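Step one of this worksheet: look at the structure below.
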Number of protein chains: 2
Amino acid sequence: MAGTKTPKGYDPRKFPPFAVTVDIVVLTIEDGALKVVLVERGVEPHKGDLALPGGFVKADESLEEAAARELSEETGVEAASYLEQFGAYGNPKRDPRMRVVTVAFLAILREVGPIAADSDAAEAMLLPVKDVLGRRPKYSLAFDHERILTDGVERARHTLETTSLATAFVEPEFTMSDLRGVYEAVWGARLDPANFRRQVLARDFVRPTAKRALSGPEGGKPAEKFRAGKTRELRSPIARPRKGGDR
Amino acid sequence: MAGTKTPKGYDPRKFPPFAVTVDIVVLTIEDGALKVVLVERGVEPHKGDLALPGGFVKADESLEEAAARELSEETGVEAASYLEQFGAYGNPKRDPRMRVVTVAFLAILREVGPIAADSDAAEAMLLPVKDVLGRRPKYSLAFDHERILTDGVERARHTLETTSLATAFVEPEFTMSDLRGVYEAVWGARLDPANFRRQVLARDFVRPTAKRALSGPEGGKPAEKFRAGKTRELRSPIARPRKGGDR
DNA sequence: GGAATAGTGTCTCTGAGACAGTATAGT
DNA sequence: ACTATACTGTCTCAGAGACACTATTCC
């Protein structure tokens, strides 16, 4: 209770002005690997480096609207199948030029990224998360985006355990194999097909269809197709294996 | 990829200025009930209403530093036993006067709140969460603080399941009864003392002490005292009961 | 002794995981 | 036929929950 306490009234002359941005960790699965959308910076600072897509929040839009807009502008995707905020980053030195607070979002796209098709490949690209965050990364990110990406991926891993998020990665109709592939890619672990199927069915977040998939190039019995139920919290988590991870 | 895309370069003349604040959901347990620190607003808008403690982030401090400073200034608490960010709120209309983005923090205090003792009681008070968020609330909060409080309490409930957060609510030396009381207050559910003890010991996040507590006013065998280990993620969650909640 | 809390023992039930066995496709 | 995937059955083990029982205090 010092006498210097900031008054609750918002006097425009008493607060320091901030820039507020959104940055988006856009994840998808391609060829069985978890990949992230990155853009190449065209201006200083960090010109030429890779960064997460994002930009300034406009004066009259909400944070979620800004994230959806930037996602659409930078990747050509009209609507992600999932969009969730996961944190704010505001260290005074994170941008060398001025004070910027960024709000980070996690977005999920269905398989077969439309990035290469819809946008300028020189600006937006899809890279394996492993090549960015691994022990010997092939790329480095601008600002504190490596930290943001790390947190976003960890959030995705955790949300996969406790909700039916996995359905956001796959097509509207999918097989158990497809769905299992999501967990295997995001967790970097192998799952037993038989036990996985039982766990998913027990949690009742997919609805069966009459259809069956065509057999894959490797042969095998055609798999049943399922549809997603509403994305929701699971009654009990699907356990992420504690061993065998190759992240 | 419209031609109107915001450039990544941060031109001070091109971004709308925001005010950035922190708001803190300060939780503690008193008389077996989960309580939250609220302050009475002295100025418009919402003058006289209750609000979460918080204030402007200064030009040269991080968000975490701002949260710790505001907590100290408004409640007299030098250091919370836990402080974690859990979200940003930035709807354009959340403050009628100007564009404000607030970053929300969850703080935990040990039992016996020092609020009444250390600070002006007319400004800061400790109220049961149930009286603010229940079906027939006795108090209403300014701005979108009810939403922020709801989210903060839910975050606390969830973090209690998956980490050793509970030890942040109790004194450095505590009994199993104390610790169980934390879960019961935060979850609003009764737990079996025998099974609870085994679950905590199995997860190995408390260290035994040679000491025993004095027997309570109701009599009973003196309980063993424990100390907290490092706050950390649990190998497997302590399950929150799905039924019997009275929230 | 009676009441109350602390702590141990033990039984049951559910569910995860391992893995064998069956079904149906491509080659 | 062989192989690969899909799916079912079954066994084992660990842990959650219910609850009886013992231990130690205050009254």
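Here is the naming used below: chain letters follow the sequence lines, and residue numbers restart at 1 for every chain. Note that the coordinates shown come from a computational prediction; the quantities given were computed from them, not determined experimentally.
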Point to revise | Salt bridge present between Glu161(B) and Arg240(B) (N-O < 4.0 angstrom) | key: yes

Regarding the side chain of Glu224(A), the nearest nucleotide among dC7(D), dC19(C), dG17(D) is dC7(D)

- Between Glu184(B) and Leu191(B), is there a donor-acceptor pair closer than 3.5 Å when you use the side chain of the first and the backbone of the second? yes

Check: Ion pair present between Glu65(B) and Arg69(B), side-chain N to carboxylate O less than 4.0 angstrom?
Finding: no

Leu201(B) atom CG is separated from dG9(C) atom P, nearest whole Å, by 13 Å

Checking dC19(D), dA16(D), dG7(C) against the side chain of Gln199(B) (C-beta onward), the nearest is dA16(D)

Check: Does OP1 or OP2 of dA6(C) have a side-chain N or O of Arg212(B) closer than 4.0 Å?
Finding: no

Side-chain atoms of Arg197(A) come closest, of dT8(C), dT8(D), dA25(C), to dT8(D)

* To do: Please confirm whether the backbone N or O of Arg190(B) pairs with a side-chain atom of Arg180(B), one donor and one acceptor, at under 3.5 Å?
  => no

So what does Arg235(B) touch, heavy atoms closer than 4.0 Å: a base, only the sugar-phosphate, or nothing?
-> nothing

Phe226(A) atom CZ is separated from dA6(D) atom P, nearest whole Å, by 11 Å

Separation of dG15(C) atom P from Phe196(A) atom CZ, nearest Å, is 17 Å

note: Glu184(A), atom CD; dT5(D), atom P; distance rounded to Å ~ 12 Å

**Report entry** Side-chain N,O (Arg203(B)) to OP1/OP2 (dA16(D)) below 4.0 Å
**Finding:** yes

Ser177(B) has its side chain closest, among dA25(C), dT5(C), dA6(D), to dT5(C)

Walking DNA chain D from its 5' end, the first of Pro222(B) and Ser236(B) to be reached, judged by nearest nucleotide, is Ser236(B)

Assign each of Pro237(B) and Ala194(B) the nucleotide of DNA chain D bearing its closest heavy atom; nearer the 5' end lies the nucleotide of Pro237(B)

**Q.** SB check Asp151(A) Arg155(A) (cutoff 4.0 Å)
**A.** no

Taken to the nearest whole Å, NZ/Lys221(B) to C1'/dT5(C) is 9 Å

Rounded to whole Å, the CG-P distance (Asp192(B) to dT10(C)) equals 17 Å

Whole-Å distance, Asp178(B) CG to dT5(C) P, equals 14 Å

Next on the checklist: Using OP1 and OP2 only, check whether a side-chain N or O of Arg198(A) sits under 4.0 Å from dT8(D).
Outcome noted: no

Exercise. Report yes or no: is there a donor-acceptor pair, N or O only, under 3.5 Å between the side chain of Asn195(A) and the base of dA18(C)?
Key: yes

In whole angstroms, the gap separating C1' of dA16(C) from CG of Leu191(A) amounts to 12 Å

